[in-house]
J.: 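A single structure is presented below for examination.
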Protein chains: 2
Amino acid sequence: MRDVAALAGVSLKTVSRVVNNEEGVSEILVDRVQSAAEKLRYRHNLAASNLRRGQRTKSVALLVQDLSNDFSAALLRAIDDTVRDRDVVVFSASLDEEADRERKLVANFIARRVDGLLLMPASPSQAYLQSEMAAGFAVVIVDRIPHDLSTDYVVVDNVEGANKATTHLIAHGHRRIAFISDDLTIDTARARRDGYYQALRDADLSIDETLIYSARTVEAASAVVTELMASATPPTAIFTARNTATMGAVSALRKLGLQNTIALIGFDEIRMADLLDPGISIVAQDPGRIGREAARMLIERLDGSQDHHHGIILPTTLLARGSGEIRPTSNEA
Amino acid sequence: MRDVAALAGVSLKTVSRVVNNEEGVSEILVDRVQSAAEKLRYRHNLAASNLRRGQRTKSVALLVQDLSNDFSAALLRAIDDTVRDRDVVVFSASLDEEADRERKLVANFIARRVDGLLLMPASPSQAYLQSEMAAGFAVVIVDRIPHDLSTDYVVVDNVEGANKATTHLIAHGHRRIAFISDDLTIDTARARRDGYYQALRDADLSIDETLIYSARTVEAASAVVTELMASATPPTAIFTARNTATMGAVSALRKLGLQNTIALIGFDEIRMADLLDPGISIVAQDPGRIGREAARMLIERLDGSQDHHHGIILPTTLLARGSGEIRPTSNEA
DNA sequence: ATGAAAGCGCTAACAT
DNA sequence: ATGTTAGCGCTTTCAT
């Protein structure tokens, strides 16, 4: 910048003004500065600019478990779309349920002075963010309920969604309904299990712990279903509480030729669900909506809103496509 | 930082040393500084640090067309995984085939002094990056061939993949094969069409322009297929040169009840392809591999490699799953 | 309308 | 082993 000023024969400040499109510089000088900048291939340094200004960096960070999961990818896309108008750019990273990684990345992003954080927490407690928030750092928790931290968040009604799925299966005559979720240390997994329990209780069905499974990957879920079906008393229906679990179940049932025999409802959309045979019934969330709401909340904080923190709980939609409407064939019901 | 130094009763430099884990500070002082930092809730400012060091910002940017597309999401994930070891964070954004957005975002990221750029270009020419690269900025083009720019890139062999798909269909008796791709202004779309042409020519089949379509979205592709099938001389096979086009075709064929009548091969994997009925035959790329190779190339540049720029052309794999092996039923063949 | 000087938070180079 | 000084690239006073 100094070189540009020298070449243009003006002061540093004038160059600064031109670069920032500030008013009150004669056109002659603007031209002179611009051509000097061009000649010297001058590139404005936002870091230095922000340093002096002490202002926003116009960047935010999104931390999710797995960026290649459809849900998270849709979230990222929606967030990017929402903040783009304001010229805000977004960092993102995958946590893979590792709390350590979350802490490390958050520290990194804070050192980079991002304006805000959108977090799908891997950590059991986000209390460590309290002091950051007190210092003016904006945080919105997505997909999961914040723990030990008073902040904005956006989730879906997991208990209600799971209840809805389970009740739907019960209404179709099922009494042995398997539940396959993510690790139960995870908030959403527990909430969905609670919804499942609730539905069973409301129908006066007993809870059979041998029907409750965790499976983190598609392959693990597939293996679980295969195992379940080989048991002496297999379920007549399955509720998969995660998109990867649903994919695994679809795959396993198909391999076993049971896709039209065993009922299946999944939580969270999977691609092509309506084109499979049978179509896969899903309790759908709207990741685009979640992302937009979260980004909007973050932006409001950045705009200085001091409102009380609040959570948004979005509804889910049960999409009946066939697999969830299969009736039990065995006479044990 | 000054406050921390004051509270700890040491100099600025000592604090700096402690913060950066540099050697040669007595343990007593380390403790004193750390507790002072804690007390004052000191947060290191990486921007200021980078400013002085004139070093790398340990950040890179990935620009793709649509972050919610499976391919791009897998790319992002692979890149994040690859650079994480080096403590590098990644910005990402969607371009939606808008060249303007690409230019604007690139300028933004350069102002932020990202160390490198991974770009799936929307622009017809990337000549504008020449001067940046001359100034030491690292660029790797992914998925598409760079235009007017000598740089590293990673692509798959689109011509060969499309040829393979088309040849496969021809080998199964098809002579009227529709081609549905992205807009043909796009590099990969053209390359895939060329592969399609090549295969037709090699089989002495004439090219019928009425079988060539562009469709950017799933819905558009679905509409195209519906229209095609309603024509007087419908094709007996379809080659969809993009994952969204494949999804649209699957959907339309199914609605028409033609999924077991009309052959279909898609370029680029779609989820659940093997679980559909029939399974969808795909010319698969490996987005994980593409991302890893691209990130590796970028890292090598950041490590100062001055090697001649070069391109990596990865192979594709034809996965025969059923839909591509359907034979024509009409007797026009 | 333009410029000079001071300083944002940090670290490299040189002391001590 | 620790401190001092200067300066990274920029913008904010406060002049002129």
Side-chain angles (χ1 to χ4, degrees), chain A residues 1-34 36-37 40-59 107-115 132 135-137, chain B residues 1-38 40-59 107-115 132 135-137:
Chain A
M1 182 144 148
R2 199 181 33 212
D3 301 338
V4 175
L7 180 58
V10 297
S11 77
L12 268 178
K13 179 62 212 176
T14 303
V15 178
S16 174
R17 286 196 178 100
V18 172
V19 166
N20 290 301
N21 288 316
E22 283 175 38
E23 302 197 347
V25 184
S26 65
E27 289 196 19
I28 310 127
L29 282 194
V30 173
D31 281 355
R32 207 134 51 101
V33 169
Q34 281 175 345
L40 295 173
R41 295 222 179 88
Y42 168 74
R43 295 288 174 268
H44 192 63
N45 186 328
L46 256 176
S49 164
N50 284 329
L51 187 57
R52 186 60 238 245
R53 294 198 143 100
Q55 276 192 40
R56 313 244 100 117
T57 56
K58 293 197 168 197
S59 63
N108 189 329
F109 289 125
I110 284 175
R112 289 173 189 276
R113 295 293 186 272
V114 298
D115 299 333
E132 314 296 347
F137 187 60
Chain B
M1 182 144 148
R2 199 180 33 210
D3 301 338
V4 175
L7 181 59
V10 297
S11 76
L12 269 179
K13 180 64 209 176
T14 302
V15 178
S16 173
R17 286 197 177 101
V18 172
V19 166
N20 291 299
N21 289 315
E22 283 175 38
E23 301 198 347
V25 184
S26 66
E27 290 196 18
I28 310 126
L29 282 194
V30 172
D31 281 355
R32 215 144 34 113
V33 169
Q34 281 174 344
S35 64
E38 194 122 346
L40 295 173
R41 293 223 180 87
Y42 167 74
R43 295 290 174 264
H44 192 63
N45 186 329
L46 256 178
S49 165
N50 284 328
L51 188 57
R52 184 62 239 247
R53 300 196 135 102
Q55 276 193 42
R56 313 243 99 119
T57 56
K58 291 197 168 197
S59 64
N108 189 328
F109 289 125
I110 284 175
R112 289 175 189 276
R113 296 293 186 273
V114 299
D115 299 333
E132 314 297 347
F137 187 60

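These figures come from a predicted structure and were not determined experimentally. In what follows, every chain begins at residue 1, and chains take the letters A, B, ... in the order their sequences are listed.
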J.: What is the separation between atom CG on Leu51(A) and atom P on dA6(C), rounded to the nearest whole Å?
T.: 18 Å
J.: dT2(D) P sits how many Å from Glu23(B) CD, rounded?
T.: 13 Å
J.: List the residues meeting side chain to side chain donor-acceptor pair (under 3.5 Å) with Arg112(B), not counting sequence neighbours, and say none if there are none.
T.: Asn108(B)
J.: Please enumerate all residues that pass salt bridge (charged side-chain N to carboxylate O under 4.0 Å, His left out) together with Arg41(A), with sequence neighbours excluded.
T.: none
J.: Could you state the CZ-P distance from Arg112(A) to dC10(C), rounded to the nearest angstrom?
T.: 15 Å
J.: dT2(D) P sits how many Å from Asp31(B) CG, rounded?
T.: 12 Å
J.: What residues, two or more places apart in sequence or in another chain, satisfy ring pair (Phe, Tyr, Trp, His ring centres under 6.0 Å) together with Phe109(A)?
T.: Phe91(A)
J.: About how many Å separate CZ of Arg113(B) and OG of Ser59(B), when rounded to the nearest 0.5 Å?
T.: 11.0 Å
J.: In Å, rounded to the nearest 0.5 Å, how long is the span from OG1 of Thr14(B) to CZ of Arg32(B)?
T.: 9.5 Å
J.: Could you tell me the separation between the CG atom of Asp3(B) and the C1' atom of dG9(C), rounded to a whole number of Å?
T.: 11 Å
J.: Tell me every residue that passes salt bridge (charged side-chain N to carboxylate O under 4.0 Å, His left out) with Arg43(B), counting only those two or more places apart in sequence or in another chain.
T.: Glu132(A)
J.: Taking atom CD of Glu38(B) as the centre, does the number of heavy atoms from other residues, nucleotides or ligands within less than 6.0 Å exceed 12?
T.: no
J.: Per the side-chain contact (heavy atoms from CB on, under 4.5 Å) rule, which among Leu51(A), Asn50(A), Leu46(A) passes with Thr57(A)?
T.: Asn50(A)
J.: With a cut-off of less than 4.0 Å, is there a side-chain N or O of Thr14(A) near OP1 or OP2 of dG3(C)?
T.: yes
J.: Strictly under 4.0 angstrom, non-hydrogen atoms only: write out the protein contact profile of nucleotides 10-16 of chain D, one letter per nucleotide from the 5' end, B, S or -.
T.: BBB----
J.: Measure the angle between the two terminal helix axes of the helix from dA1(C)-dT16(D) to dT16(C)-dA1(D), five base pairs each, and quote it to 10°.
T.: 30°
